[in-house]
Trainee: 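Below is the structure I would like to discuss, written out as structure tokens.
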Amino acid sequence: MFQPVSLYIGLRYSRASKGNGFVSFISFFSIAGIALGLMALITVSSVMNGFEQSLKNAMLDLIPHVQLRKSSDEQSQDADALLTKLSALPEVKRVTPYVTSDVILQTNKDLVGVRLQGTFSGYPSALEPHIEAGSLAQFREQKYQLALSRYLANQLDVRLGQKVRVIMPDVSSYTPMGRVPKQRLFTVALIYNTHSEADVNLAFADGKSLQRLLKRKPMDFDVSITLKDAFAVNEFRTANVPLLSGLEYSDWHVQQGALFAAVAMEKRIMALLLGLIVIVAVFNIVSALSMMVSEKQGEVAILQTLGLAPGAIARVFMVQGLYNGVVGTLIGTVFGYLLASHINEVLAVSGLSLLGGAELPVRFDWFSLSLIVATSLVLSFLATLYPAFKAAKVLPAEVLRYE
């Protein structure tokens, strides 16, 4: 089968079993380094993507992605009409009335501060996929019902049907003893578990009871919007400027933006640190090819006297160096994908299972994986340029003078 001369010779050099042992070792080390670096990079980035996705699904699904507040009675739109218009937007997953307040939950065992969020019957609830115990219908239909996370229920030592005192520092009433915070006993009707940070400081009550305690009118509520993609809040705001005019706008970045920014920064730092492994391996390609050029100077000179152009000589060593990069990239990509896909099984077999039997979430971002593979190949190609240029500059007369 016909092959270009440069490709044939370059592949022959790459697969040669005899020659300088040290050069062969460095070539092997460059392939192994690229493979290990890519395998680690693909595995870690996939786990970090999965962690970010699980945070988005569990935590951001419970809080408003976008919160709209009436700026004034004159400028405000009719609440029902606004909810209907927002629900019709294609990028919107869920629209509900929204009432919230910072409160203190008190039992005989403990006292803890949380954000209490109201939910209203007749609207979809974000709690439903995470319910562990209790009835959503009872929680919504009866007065002064409370939904607690499993974490808060354990901290307060309460179970379904037990009472929790809700103290509202922002709402007070006058008594013979002076001004005291508003408080009321709520019944625990629901226990949920999202396995996220939201379980630590978020609780839910039926919306009407919460409105009554906050001394609000039935139609005095904000609007909570849950988008299909929580990270598309800026695009949502830009695309719906007329509809959002006259309303105070805030989004999830106010409450949880710092956490997701930290996760994104950690992903970049981990990618940079693991990418250094690939870069070091790529430098080994430069070292191996440079020594190979020095070793093969006689053969290069003979090839030139037989009519092989300097450009073709350069391509021989580019093929040889790129061969190492392609093989290392292929091995690292395949084993990285397999390791990431079975990371929990590998941890279990090695006895490194996470506490409580939890599993690492894994999510493959094919664009990022393609970018990682392409970057590895590009770096491998760039590493061949200097040795290939050096080989093309070999002068046959100088090399063969004493042969």
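Starting from 1, each residue takes its place in the sequence as its number.
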Trainee: Can you name the residues that form a salt bridge (charged side-chain N to carboxylate O under 4.0 Å, His left out) with Arg212, not counting sequence neighbours?
Mentor: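 Expected list: none.
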
Trainee: Tell me if the CZ atom of Phe51 is crowded by more than 12 foreign heavy atoms within 6.0 Å.
Mentor: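 Check fails, neighbour count at 12 or below.
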
Trainee: Suppose we screen for salt bridge (charged side-chain N to carboxylate O under 4.0 Å, His left out). Which residues come up paired with Asp102, at least two apart in sequence or across chains?
Mentor: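 Counting only residues at least two positions away or on another chain, Asp102 forms a salt bridge (charged side-chain N to carboxylate O under 4.0 Å, His left out) with Arg115.
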
Trainee: With a 3.5 Å cut-off and sequence neighbours excluded, list the donor-acceptor pairs that the side chains of residues 370-380 form with protein atoms.
Mentor:
{"unit_1": "Ser370", "atom_1": "OG", "unit_2": "Trp366", "atom_2": "O", "d": "2.8"}
{"unit_1": "Thr375", "atom_1": "OG1", "unit_2": "Leu371", "atom_2": "O", "d": "2.7"}
{"unit_1": "Ser376", "atom_1": "OG", "unit_2": "Thr329", "atom_2": "OG1", "d": "2.7"}
{"unit_1": "Ser380", "atom_1": "OG", "unit_2": "Ser376", "atom_2": "O", "d": "2.8"}

Trainee: Would you say Lys390's side chain and Leu385's backbone share a donor-acceptor pair under 3.5 angstrom?
Mentor: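 No: the side chain of Lys390 does not pair with the backbone of Leu385.
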
Trainee: Between Phe120 and Tyr98, is the ring centroid distance below 6.0 Å?
Mentor: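 Between Tyr98 and Phe120, which both carry aromatic rings, the centre distance is not below 6.0 Å.
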
Trainee: For Val103 and Pro169, which heavy atoms make the closest approach, and how far apart are they?
Mentor: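 Taking every non-hydrogen atom into account, CA-CD, 4.2 Å.
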
Trainee: How close do Ile42 and Thr333 get, heavy atom to heavy atom, and via which atoms?
Mentor: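 Heavy atoms of Ile42 and Thr333 come nearest at CD1-CA, 3.7 Å.
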
Trainee: For Asp157, check salt bridge (charged side-chain N to carboxylate O under 4.0 Å, His left out) against everything at least two apart and list the hits.
Mentor: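 Residues passing salt bridge (charged side-chain N to carboxylate O under 4.0 Å, His left out) with Asp157: none at all.
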
Trainee: Working note: Leu36 + Val278, criterion side-chain contact (heavy atoms from CB on, under 4.5 Å); need CA distance, chi angles, decisive distance, verdict.
Mentor: CA-CA 8 Å; Leu36 288 174; Val278 178; over 6 Å; no

Trainee: Is the backbone of Gln145 close enough, under 3.5 Å, to the side chain of Asp206 for a donor and an acceptor to pair up by distance?
Mentor: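 Yes, the answer is positive, given that a donor and an acceptor are paired below the 3.5 Å cut-off.
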
Trainee: Among residues two or more places apart or on two chains, list those pairs meeting side-chain hydrogen bond (donor to acceptor under 3.5 Å, both in side chains) that have a residue in residues 30-48.
Mentor: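 Not a single pair qualifies under side-chain hydrogen bond (donor to acceptor under 3.5 Å, both in side chains).
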
Trainee: Does NZ or CZ of Arg150 lie under 6.0 Å from the centre of the six-membered ring of Tyr192, at an angle within 45° of the ring axis?
Mentor: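 Ring-cation test returns no.
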
Trainee: Nearest 0.5 Å please: distance from the CE atom of Met48 over to the CZ atom of Arg268.
Mentor: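 These two atoms lie 11.0 Å from each other.
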
Trainee: Among residues two or more places apart or on two chains, list those pairs meeting ring pair (Phe, Tyr, Trp, His ring centres under 6.0 Å) that have a residue in residues 144-169.
Mentor: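 For residues 144-169: Tyr144-Phe186.
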
Trainee: Report yes or no: does Thr119 contribute a side-chain atom to a donor-acceptor pair with the main-chain N or O of Gly207 at less than 3.5 Å?
Mentor: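 No.
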
Trainee: Would you say the side chains of Asn193 and Glu132 form a donor-acceptor pair under 3.5 Å?
Mentor: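 Yes, because at least one side-chain N or O of Asn193 sits under 3.5 Å from a partner of the opposite role on Glu132.
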
